[in-house]
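Step one of this worksheet: look at the structure below.
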Number of protein chains: 2
Amino acid sequence: MLRADGVTPVEAAPADERDHDVRDRDVEEALAALGPSVTAPRRAIVEVMLASNRLRTPEDLLREARAIAPATSLATVYRTLERLHMAGRVKRATLSSGAVGYAYCGTGHHEHAICLRCGSVRPVSPCLISGSPAIEGFSATSHVLDFYGLCDRCAAEER
Amino acid sequence: MLRADGVTPVEAAPADERDHDVRDRDVEEALAALGPSVTAPRRAIVEVMLASNRLRTPEDLLREARAIAPATSLATVYRTLERLHMAGRVKRATLSSGAVGYAYCGTGHHEHAICLRCGSVRPVSPCLISGSPAIEGFSATSHVLDFYGLCDRCAAEER
DNA sequence: ACCAGATTGAGAATGAGTCGCATTTGCAAT
DNA sequence: ATTGCAAATGCGACTCATTCTCAATCTGGT
């Protein structure tokens, strides 16, 4: 499914979505993070992203968003992803195909657990890196920690 | 200088290189990792990469490599980076310009400490994530941990 | 309902990275 | 040294994800 930055490539993912119920509160919250204007395309994109925690390509997201707001354009998908990503709400990872996938992962600082089989991204918190560790000749102000492996569902199906 | 995956963008870097002496042993070691054939372009690219731990664009690397092996092509720079990256010897990160930078960071598993000001990449080991931490509903098989901040030199110059 | 500013869609433009293929090179056997 | 072959290279064409442009269209507050 995906390729960690310089790590093992993996196979393609199954298709069943809707692992989570869409929680309207989160949708509003995410929309607010995008700015004051609430438009149909933005709402559609946000709903689609919140409906699954799987990594999906911008094209995928566009297709799904258009099922809700038909006029949505790819440019807006990119613009929206850009903002959510800057806001730390979206995780970006390279799929094994080489394409880039995006997944919504909520608010606040957290690590990521990314399933190499289905591409699901789950936030891991609280943060595992407490009080910046002493690094010789370097003072860290932030960090990014991603775990790669299998979610329980995929581990079960893996047989 | 660079943009962590979803983190703070930063300013451009100064230009003085050659933080480290080129150690021939490492050059040979890296060349070996590329395969049995040792060619002038490969050697030039490897030497250039080992001569600095700064993130540099493929174009930069090409320019520098050509000072040693004039016939080197951009395609070969990419091919070489690809191999070194797959071998875990090269760290890839997005510069604030949006371009992608590459830096040599040695062998074996390690974390990375990346200076947001000069783009230097230093391997951090031993690994700080010991014995995969228990993550609810997920079994991790690998991880990537990057620290962002300032190296001592930049911290000093930062004033 | 009206306005100023933000947002959008469509398609053109960009540019990093890849590919194909004829040529060159490295290396080991002769 | 010479030779042969597989591996590596350079060049330029090409792909395709992402960005940009800009006129038209919304949004939210008045």
Side-chain angles (χ1 to χ4, degrees), chain A residues 2-3 5-6 9 27-28 30-48 55-63 65-87 90 92-102, chain B residues 2-3 5-6 9 27-28 30-48 55-63 65-87 90 92-102:
Chain A
L2 54 82
R3 183 165 62 199
D5 220 346
V27 171
E28 299 309 323
L31 283 171
L34 288 170
S37 290
V38 175
T39 65
R42 276 189 188 176
R43 166 161 260 124
I45 294 164
V46 164
E47 284 181 358
V48 158
L55 288 163
R56 281 162 294 172
T57 64
E59 296 281 358
D60 290 337
L61 294 169
L62 175 63
R63 189 176 326 107
R66 278 185 167 163
I68 301 173
T72 304
S73 77
L74 187 57
T76 295
V77 170
Y78 275 106
R79 288 188 277 236
T80 303
L81 285 174
E82 157 87 11
R83 294 191 184 198
L84 290 174
H85 187 241
M86 285 298 98
V90 157
R92 174 153 47 182
T94 303
L95 307 175
S96 63
S97 66
V100 173
Y102 298 81
Chain B
L2 55 82
R3 183 165 63 198
D5 222 344
V27 171
E28 299 309 324
L31 282 171
L34 289 170
S37 288
V38 175
T39 66
R42 277 189 187 175
R43 166 161 259 124
I45 294 165
V46 164
E47 285 181 358
V48 158
L55 288 163
R56 279 162 296 172
T57 65
E59 297 281 359
D60 289 338
L61 294 169
L62 174 63
R63 190 174 328 107
R66 278 185 165 162
I68 301 173
T72 305
S73 75
L74 187 57
T76 295
V77 171
Y78 275 107
R79 288 188 276 236
T80 302
L81 286 174
E82 158 86 11
R83 294 192 184 197
L84 290 175
H85 187 241
M86 285 298 98
V90 157
R92 175 155 44 183
T94 304
L95 307 175
S96 64
S97 67
V100 174
Y102 298 81

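This one's a predicted model, so the numbers in the text were calculated from it and none came from an experiment. We use all heavy atoms of the structure for the numbers below, so side chains are in, but hydrogens, waters and symmetry mates are not.
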Rounded to 10 degrees, the angle between the two terminal axes of the helix from dA1(C)-dT30(D) to dT30(C)-dA1(D), each from five pairs: 40°
Thr39(B) or Thr39(A), whichever maps to the more 5' nucleotide of DNA chain C: Thr39(A)
May I have the list of side-chain donor-acceptor pairs in residues 65-72 of chain A shorter than 3.5 Å, sequence neighbours left out?
{"from": "Arg66(A)", "atom 1": "NE", "to": "Thr72(A)", "atom 2": "O", "distance (Å)": "2.6"}
{"from": "Arg66(A)", "atom 1": "NH2", "to": "Thr72(A)", "atom 2": "O", "distance (Å)": "2.9"}
{"from": "Thr72(A)", "atom 1": "OG1", "to": "Ala69(A)", "atom 2": "O", "distance (Å)": "2.7"}

Base, sugar-phosphate, or nothing: which does Arg43(A) touch, judged by heavy atoms less than 4.0 Å apart? nothing
So Thr72(A), base contact, sugar-phosphate only, or nothing? Heavy-atom distance under 4.0 Å. sugar-phosphate
Evaluate the side-chain contact (heavy atoms from CB on, under 4.5 Å) criterion for residues Arg63(A) and Asp60(A): first the C-alpha distance (whole Å), next the side-chain angles of each, then the deciding distance (0.1 Å), finally the verdict. CA-CA 5 Å; Arg63(A) 189 176 326 107; Asp60(A) 290 337; 3.3 Å; yes
Determine the minimum heavy-atom distance between [X] and [Y], stating which atoms define it.
X: Ala93(A); Y: Leu55(A); result: CB-CD1, 3.9 Å
X: Pro58(A); Y: Leu81(A); result: CG-CD1, 4.3 Å
X: Ile45(B); Y: Val77(B); result: CD1-CA, 3.7 Å

Considering only heavy atoms of chain B and a distance under 4.0 Å, specify the first and last nucleotide of DNA chain D in 5' to 3' order that meet this criterion. dA8(D) to dC11(D)
Could you tell me the separation between the CZ atom of Arg92(B) and the CG atom of Leu84(B), rounded to the nearest 0.5 Å? 11.5 Å
Please give, in whole Å, the distance from dT8(C) P to Leu81(A) CG? 12 Å
List the atom pairs, with distances to 0.1 Å, where a side-chain N or O of residues 32-42 of chain B and a protein N or O form a donor-acceptor pair under 3.5 Å, not counting sequence neighbours.
{"from": "Thr39(B)", "atom 1": "OG1", "to": "Arg42(B)", "atom 2": "N", "distance (Å)": "3.3"}
{"from": "Arg42(B)", "atom 1": "NH1", "to": "Leu34(B)", "atom 2": "O", "distance (Å)": "3.4"}
{"from": "Arg42(B)", "atom 1": "NH1", "to": "Ser37(B)", "atom 2": "O", "distance (Å)": "3.0"}

List the protein contact pattern of nucleotides 13-23 of chain C with one symbol per nucleotide (5' to 3'): B for base contact, S for sugar-phosphate-only contact, - for none; contact means a heavy-atom distance under 4.0 Å. ---SBBBB---
DNA chain D contacts made by residues 30-38 of chain B, counting heavy atoms under 4.0 Å: Ser37(B)
Only one of Leu62(A), Leu95(A), Val100(A) passes side-chain contact (heavy atoms from CB on, under 4.5 Å) with Thr57(A), and that residue is Leu95(A)
